[in-house]
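Residue numbering restarts at 1 for every chain, and letters A, B, ... go by the order of the sequence lines. Remember, predicted model here, so these are calculated numbers, not experimental data.
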There are 2 protein chains.
Amino acid sequence: MKSVNTDVAYDYIRKRILSGEFSPGQALLTETLAAEIEVSRTPVRDALRKLETDGLVTIRAHLGASVKKMNLKEFREMSDLRLALESHAAGLAAVNHTDADLSAIKFALDAMRFLTDKIVAADNEQPFLGDLVREDIRFHIAIMAASKNELMQREIMRLHLLHRVVSGLSNIDGGAGPKVESDVRRLAVLAKHEDIYRAIAGGNSREAKNEMGYHLQELIDHNLHALARAEAGVLSRDLTAEELLYSGHL
Amino acid sequence: MKSVNTDVAYDYIRKRILSGEFSPGQALLTETLAAEIEVSRTPVRDALRKLETDGLVTIRAHLGASVKKMNLKEFREMSDLRLALESHAAGLAAVNHTDADLSAIKFALDAMRFLTDKIVAADNEQPFLGDLVREDIRFHIAIMAASKNELMQREIMRLHLLHRVVSGLSNIDGGAGPKVESDVRRLAVLAKHEDIYRAIAGGNSREAKNEMGYHLQELIDHNLHALARAEAGVLSRDLTAEELLYSGHL
DNA sequence: GCAACATCGGTGTTGACACTCTTCATGGTT
DNA sequence: AACCATGAAGAGTGTCAACACCGATGTTGC
């Protein structure tokens, strides 16, 4: 059913959403897109349907498509879903990993350690931040792959991309506080990663699962605070956990 | 984007798949369906795309759509996904449930206890089997609802329906062995449900999660054996765990 | 200021056409 | 005679442009 033109349209729109050119909430006009891609509206419609599947796009009857936009409640729910899947995958990875999987995980971990040390030592963190984020992602992907459950892997990846789109990428994490605080956080994250790696390498399924769960819960809380600040337009002070909870009920 | 006709087509095809009229692997011709529903091919195409989203339909370029068919590997992966989500949801339910949620869970549990006793006591199990299955489903749904995570709830429901379609419903479970064995199994399942309920009512998140995990793992193993038997065409004897593992690699 | 109405942008739907894949028949080869 | 390669026909999907319809916006009259 899907065919060449549909795939071209799908790749084109997907890329522009993931790159941030199309931001959350932005309307996606079928005619405009069709003209840009130089195909008719039909394959564009198909592509948008498929993107809706991925969760990247919202479609409402007669109102058209727009880039997915979440409120705090949805964001929290999605994050929790990710936590459930990714910690389960970590538990599987502890049991199912091959030597090659383990090497890949360790490689990403070593790179993260190297980069974190460099960032903590340097005055200017910017040059290495991108690399650090990339290695972090590689670490998590390597673990998913080691779980040997392709379906779960795809699902987690989907949620990762969705997370990236709706959280607005670097809009949030960048410069969220004094460098010292960020450094402390980075070292804590690194330590957690080492714990996770140890559990997986040791074949301890339950521990791998738990450690990954704690790690992600911590990340999620961090993200939720950042997103809540951004949504409320309050940039100067943190919301308390209770305020955060309530703001999710809008 | 979706509209009346698309929805009509979606409901129509979905219902026939879920009712078992369209069995796994069966081709779904756009023209034929369009003629039956009395709309053009476009809304039918849209509906099939949406059903692909749900996982109920497979679409390949230029080859058309067919009802989803899984091999053992995919089935195992899907089951494991369900386990991850549903046990996590049980953990959430222990913390987030309202009194009404708890009543709903207890109601289904009481009904199951009543029906199980009746079945064990009776010679002919048939009249009550349908009811028992329904209450079992209600029990699990009530727990999902108590988790207060709508996204997770939808995802679990999706997997439930998918499971129902690809496993071929009653084709497998019915008459899988002597009644005494089935009775033993049913009592064990009931006992596990009671454990799960106790953990949730007691607000013990970790225990609820673990108990649900054990319960589902047991169910999955049971299903995998049944499916492997069915796929191999061997109905007289059980596969060993090892044989089962290998047969998944086809 | 508000309600009914006209306008317009954009989606939903349709039927026709182009293209791809499969199947089956034909003919040549070993 | 059996087998593979070639090609033609048919079935079904992918794509297109035009039309129908809905919802939002702005305008008119009261």
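Minimum atom distance to the side chain of A:E31 is reached by C:dT11, of the listed C:dT11, C:dT14, C:dA16. Minimum atom distance to the side chain of A:H62 is reached by D:dC22, of the listed D:dC22, D:dT13, C:dT13. Nearest to the side chain of A:L63, among C:dT13, D:dA24, D:dT13, sits D:dA24. Closest approach to the A:L29 side chain among C:dG15, C:dA16, C:dG10 is made by C:dG10 (side chain taken as heavy atoms from C-beta onward).
Between B:T32 and B:T42, the residue whose closest nucleotide on DNA chain D is further toward the 5' end is B:T32. When the nearest nucleotides of DNA chain D are assigned to B:L28 and A:V39 by heavy-atom distance, the more 5′-ward of the two goes with B:L28.
Residue A:N5 has a polar side-chain atom (N or O) positioned under 4.0 Å from OP1 or OP2 of D:dC16. For D:dT13, one of the phosphate oxygens OP1 or OP2 lies less than 4.0 angstrom from a side-chain nitrogen or oxygen of B:T30.
Put simply, CD1 on B:I59 is 17 Å from P on D:dG12, counting in whole angstrom units. When the C1' atom of D:dC16 is taken as reference, atom CZ of A:R45 falls 13 Å away, rounded to whole Å. The CG-P distance, from B:D46 to C:dT13, rounds to 7 Å in whole Å. The CZ-P distance, from A:R60 to C:dT11, rounds to 12 Å in whole Å.
Across all non-hydrogen atoms, the minimal contact from A:R45 to B:T42 is NH2-CG2, 4.3 Å.
Not counting sequence neighbours, A:E31 has no partner by the side-chain hydrogen bond (donor to acceptor under 3.5 Å, both in side chains) test. Here B:Q153 pairs with nothing under the side-chain hydrogen bond (donor to acceptor under 3.5 Å, both in side chains) rule; sequence neighbours left out.
B:Y10 and B:D54 are linked by a side-chain donor-acceptor pair at a separation below 3.5 angstrom, with hydrogens and angles left out of the test.
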